[in-house]
Amino acid sequence: MFFEIKEGNLRLQFGQRQFVHFVIVVIFTFLSFSQNSAQPRNGGCGKGCQEARRKLVELRNVEILKLTETLKIKPDNVDLYYQRGQIYFGIIFEIKGNIYHLNPDRKAYYFDVIAKALADFTKVINLSPKAEYYEKRGRIYTYLWRGEASEFDSRRYDPQISDEKSLEKIYKIFLNNDNFNAAEADFLTAVKLSSDNVSSLSLFHQPLANLRISRADYLGRMSDKYTLSLIKNTKTADIILDDINFYIEVTKKYENPDWRKSILRLNLILKAEIAGNLGRDDIALEALNEATKFLDETKSGLCSIYGMRAKFNFDNQKYDLVIQDVNLATELDSWNCISLIEIRGDSYKNRGNIKNAIDDYSAVIDSKRWSSDVRVYRKRGNIYLQLKDFNRAVLDFTNVIRNGSICPQDYNLRAKVYRLIGNEKEALEDEKIALTFLKRLDENQQSACSEHSYK
């Protein structure tokens, strides 16, 4: 898949990751639908399917040969070049799996098809420039750029690369990339050539918007923390936010008011996430405030909007605003927004209202909708420990351990409580297990454990 979910600096704790995944899938599936055929993929393709693919490729090759022979007689025929270009285009976007399955040297064959498609559309453009020709060629350039972008991994696997080299790589792939620039230029020309037709204008704006939001998504949402730290305070961050704003402006051109409202809401949530990842909390909050204007009776996105806004306010120690947002969200949709109660509990705890904090943590636990999430048990257990309610503390830390924790801190915490109540045998056993885990944990696991709240 082109898009995958990765966690940036904005930690989505209250069921947000699933919603953001839904956002991306809905937006890009809908907007890319016209670019992809319903041809089956390699996965799950049996012998009958493979044979059908083989015949389809053979048929396309026959059609290409016929058009090539005819072009020898009519070398300046625009329609013939366009037809052949369309066939190559179909191979690229519709039956890619056939190439992978049927051609031993599939990579060379595939890039040969791309080169031929580009040549045909370039010829057509030179003979008779039209918006649709530029749009088709732009989509091929987009495909080539996405291939480059999808391989980008910054310094994640090579810490020897300097910050300067990493920034150079980002610049080369995302900000001054030949394929990206060619695609953008073609889409802009398509828009210009269709400026006298409102519906066509919207049609040719869309691939340009898709291109730019792809760049924003790669850099602002899918990047690792190191990459985000590099681009936060650079012009790159401004470009990413400009890309999102452009995408939102194109969304406003949708004719269907209900669909326009829904997609605008999703785009603003996406903008808030990316802005948060880039350290632009003011822009993120502004986007979320705007998104509340597009809520409807379906309540779609409600928990995400209020939950993300609560997280930003929590990070800025505005606990009253957190409590206010969670109260409103749970009043409007108590079932789906139950997980937001956790951050309200965190706010109560930080304000010193321990009783309300315990009540909120208990409400999340009692809902049994996040039974595998040990975070809330850990938080409540720590409060019971501070209150010297040792029996309840032991129960909560036990639930943390039963849910599969491999963090030495959890065993050491329970050992501490056992010792406080005079149960030395169990305390020593837990400390022994903690030491065993400590020796086994790899660097990533140690890092994950250290991020847990043990206060």
Side-chain angles (χ1 to χ4, degrees), residues 1-12 17 20 23-24 28 138 140-188 207-249 267 269-287 308 311-312 315 443-444 447-448 450-451:
M1 291 181 64
F2 175 58
F3 288 99
E4 58 180 335
I5 298 302
K6 291 186 180 178
E7 187 174 352
N9 284 357
L10 171 61
R11 290 191 63 201
L12 305 179
R17 274 188 286 265
V20 171
V23 170
I24 296 299
F28 289 98
I140 297 174
Y141 284 128
T142 298
Y143 181 82
L144 290 171
W145 169 73
R146 284 178 173 173
E148 295 180 77
S150 64
E151 295 177 0
F152 171 73
D153 62 10
S154 185
R155 201 177 69 178
R156 280 176 289 179
Y157 306 114
D158 189 357
Q160 301 304 315
I161 299 177
S162 67
D163 289 356
E164 183 180 353
K165 289 293 183 183
S166 292
L167 284 170
E168 286 178 6
K169 187 189 295 186
I170 292 170
Y171 185 78
K172 182 177 180 180
I173 295 177
F174 295 100
L175 304 181
N176 192 26
N177 182 277
D178 290 342
N179 286 317
F180 184 97
N181 292 341
E184 187 175 45
D186 276 353
F187 293 145
L188 285 169
L208 175 59
N210 290 347
L211 174 70
R212 295 188 64 179
I213 197 65
S214 295
R215 177 169 64 182
D217 191 70
Y218 269 122
L219 279 177
R221 196 180 61 86
M222 294 172 60
S223 292
D224 56 288
K225 292 181 179 180
Y226 164 71
T227 301
L228 288 168
S229 71
L230 283 181
I231 64 178
K232 268 185 178 181
N233 299 314
T234 68
K235 191 174 181 180
T236 302
D238 296 326
I239 292 173
I240 293 171
L241 293 171
D242 285 343
D243 284 343
I244 303 172
N245 288 333
F246 179 81
Y247 193 76
I248 290 173
E249 288 304 310
N267 289 342
I269 294 172
L270 180 63
K271 179 180 178 179
E273 183 193 355
I274 292 177
N277 288 344
L278 295 172
R280 309 292 181 87
D281 287 6
D282 54 337
I283 294 176
L285 284 169
E286 182 183 347
M308 290 177 75
K311 178 62 171 63
F312 284 119
D315 289 343
E443 185 177 340
N444 290 333
S447 177
S450 67
E451 292 179 1

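Note that the structure is predicted; figures quoted are calculated from it, not measured.
- Considering all non-hydrogen atoms of both residues, Ala149 and Ile173 come closest at CA-CG2, 3.8 Å.
- Within the 4.5 Å cutoff, side-chain heavy atoms of Phe152 are placed close to those of Thr227.
- A search for side-chain contact (heavy atoms from CB on, under 4.5 Å) contacts involving Asn179 returns Tyr141, Leu144, Trp145, Glu148, Asn177, not counting sequence neighbours.
- Remark: the Asp163 side chain and the Ser166 side chain contain no N/O donor-acceptor pair separated by less than 3.5 Å.
- Taking each heavy atom of Lys271 and Asn245 in turn, the nearest pair found is NZ-OD1, 2.7 Å.
- For the atom pair Leu219 CG and Ile274 CD1, the distance stands at 9.5 Å (nearest 0.5 Å).
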- Task: Kindly determine whether Ile240 and Ile231 satisfy side chain to side chain contact (heavy atoms under 4.5 Å, CB included), including the steps that lead there.
- Result: CA-CA 10 Å; Ile240 293 171; Ile231 64 178; 3.9 Å; yes
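- The nearest pair of heavy atoms linking Ala284 to Ala272 is CB-O, 3.4 Å.
- Scanning all heavy atoms of the two residues, the minimum distance from Ala183 to Gly138 falls at CB-O, 3.4 Å.
- When atom types are taken as modelled, the side chain of Ser223 and the backbone of Tyr218 share a donor-acceptor pair closer than 3.5 angstrom.
- The shortest distance between side-chain heavy atoms of Leu208 and Phe246 falls below 4.5 Å.
- Looking at heavy atoms from C-beta onward, Asn267 lies out of side-chain contact with Ile244 at the 4.5 angstrom threshold.
- Across Leu175 and Thr236, no two heavy atoms sit closer than the pair CD1-OG1, 3.3 Å.
- Taking the side chain as every heavy atom from C-beta outward, Tyr247 and Asn210 approach each other to under 4.5 Å.
- Not counting sequence neighbours, the partners of Asn176 by the side-chain contact (heavy atoms from CB on, under 4.5 Å) test are Tyr171, Asn181.
- Within the structure, salt bridge (Lys or Arg N to Asp or Glu O under 4.0 Å) contacts touching residues 233-248 (residues at least two apart or in different chains) are Arg212-Asp243, Arg215-Asp243, Asp238-Arg280.
- Of the inter-residue distances, the one linking Glu273 atom CD with Lys311 atom NZ reads 12.0 Å to the nearest 0.5 angstrom.
- Considering every non-hydrogen atom in both Leu228 and Gly220, the closest pair reads CD2-O, 4.0 Å.
- Partners of Glu168 by side chain to side chain donor-acceptor pair (under 3.5 Å), not counting sequence neighbours: none found.
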